[in-house]
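To start, the structure itself, in structure tokens.
Heavy-atom basis, side chains included; hydrogens, waters and symmetry copies ignored.
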Amino acid sequence: DRDVTGVQTCALPISKRKLEARLDKVRKKAEGRKPLSILFVVGHNVGAIERVYAASGHSFVGEIIKLSGGDNILKGTSIAFPLVSKENLIKQDPDVIVDSMPSDEATGDTIAKAREAWGKLPSLKAVRENHVYFLKQDEFLIPGPTMVGLAEYLSNVFDQAQNELR
């Protein structure tokens, strides 16, 4: 179908339906699983768990976490991406940590340094259970249609972590 200007009008509804179907699949998976607590990191000092910024429930990432069946440890925080202290991390003790980093910085060496840094916090359940995941898809952190990919990624992370916790 084309509108009066000759522009195709049919593609958007089809794409929207596909995106909605993918989100529905994520929602259904979430309904069948116990929510796991999560810290979604959007930045920290390289090689150290210092100056940790994470997504709260008041962020678009927080909304995707909820839709995917996660329990954001920062859901009650009013700032979208607050600075999180080590003390708060230890107090909240998430089941899962997703450490996102820009894809151009996410080299094997950088990820190894981040994994080593997280390893220095063995009191965290996510660290002890080896449920620290590294996300390097920049497009997942841009509000818009690519957020469906983030929902699917988180859903898979929650499935994997829950299967290993059994």
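- Legend: residues meeting side-chain hydrogen bond (donor to acceptor under 3.5 Å, both in side chains) with Asp99, ordered by chain and number and at least two apart, are His44, Trp118.
- In this structure, the side chain to side chain contact (heavy atoms under 4.5 Å, CB included) partners of Pro102, at least two apart in sequence or on a different chain, are Asp104, Glu105, Asp138.
- Residues Ala114 and Phe134 come closest through the heavy atom pair CB-CE2, 3.5 Å.
- Val61 and Phe158 end up in the same hydrophobic cluster when Ile, Leu, Val, Met, Phe, Trp and Tyr side chains are linked at under 4.5 Å.
- To the nearest 0.5 angstrom, Lys18 atom NZ is 14.5 Å from Leu23 atom CG.
- At a threshold of 4.5 Å between side-chain heavy atoms, the hydrophobic network of Ile, Leu, Val, Met, Phe, Trp and Tyr places Ile142 and Met147 in two separate groups.
- Legend: side chain to side chain donor-acceptor pair (under 3.5 Å) pairs involving residues 52-67, not counting sequence neighbours, sorted by first then second residue: Arg51-Tyr53.
- Arg22 pairs by the salt bridge (charged side-chain N to carboxylate O under 4.0 Å, His left out) definition with Glu152, not counting sequence neighbours.
- Using a 4.5 Å heavy-atom threshold, the side chains of Phe40 and Leu141 count as touching.
- Rounded to the nearest 0.5 angstrom, Lys86 NZ and Leu89 CG are separated by 9.0 Å.
- Of the inter-residue distances, the one linking Leu74 atom CG with Asn88 atom CG reads 6.5 Å to the nearest 0.5 angstrom.
- Here the shortest heavy-atom pairing between Arg33 and Ser155 reads NH2-OG, 3.0 Å.
- Not counting sequence neighbours, Asp93 has no partner by the side-chain hydrogen bond (donor to acceptor under 3.5 Å, both in side chains) test.
- Judged as a side chain to side chain contact (heavy atoms under 4.5 Å, CB included), and not counting sequence neighbours, the contacts of Lys136 are Ala106, Ile111.
- For the salt bridge (charged side-chain N to carboxylate O under 4.0 Å, His left out) test, residues two or more places apart in sequence or in another chain that qualify with Asp71 are Lys75.
- Scored by the side chain to side chain contact (heavy atoms under 4.5 Å, CB included) test, Thr107 finds Asp109, Thr110 as partners (sequence neighbours excluded).
- Evaluated for a side chain to side chain donor-acceptor pair (under 3.5 Å) with Asp95, the options Lys125, Gln162, His131 yield exactly one hit, Lys125.
- Criterion: ILVMFWY side-chain heavy atoms under 4.5 Å apart, direct or through other members. Under it, Phe81 and Val84 are not part of a common hydrophobic cluster.
- Inter-residue side-chain proximity for Ile38 and Ile73 is flagged as unmet; no heavy-atom pair is nearer than 4.5 Å.
- Taking Thr146 as the reference, nothing meets the side-chain hydrogen bond (donor to acceptor under 3.5 Å, both in side chains) condition, with sequence neighbours excluded.
- When hydrophobic clusters are built by joining Ile, Leu, Val, Met, Phe, Trp and Tyr residues whose side-chain heavy atoms come closer than 4.5 Å, directly or via intermediates, Val157 is grouped together with Phe60.
- Separating the CG atom in Leu150 from the OG atom in Ser68 is a distance of 6.5 Å, to the nearest 0.5 Å.
- In this structure, the side chains of Lys120 and Ile49 stay at 4.5 Å or more apart for every pair of heavy atoms.
- Contact check for Asn156 versus Lys29: side-chain heavy atoms found under the 4.5 Å cut-off.
- A 6.0 Å sphere centred on CD of Glu20 holds more than 12 heavy atoms belonging to other residues, nucleotides or ligands.
- Ser85 OG to Lys91 NZ: the interatomic distance, rounded to the nearest 0.5 Å, is 9.5 Å.
- The side chain to side chain contact (heavy atoms under 4.5 Å, CB included) test applied to Glu50 returns Asn45, Ala48, not counting sequence neighbours.
- From Ile90, atom CD1 reaches atom CG of Leu124 across 6.0 Å, with rounding to the nearest 0.5 Å.
- When every heavy atom of Ser37 is checked against every heavy atom of Pro94, the shortest pair comes out as OG-CA, 3.3 Å.
- Side-chain contact between Val98 and Leu39 is absent, with no heavy atoms from C-beta onward closer than 4.5 Å.
- Residues meeting the side-chain hydrogen bond (donor to acceptor under 3.5 Å, both in side chains) test with Arg27, sequence neighbours left out: Asp24.
- Ring geometry for Tyr153 versus Phe140: interplanar angle of 30 to 60°, hence tilted.
- Remark: Lys28 pairs with no residue by the salt bridge (charged side-chain N to carboxylate O under 4.0 Å, His left out) rule, at least two apart or across chains.
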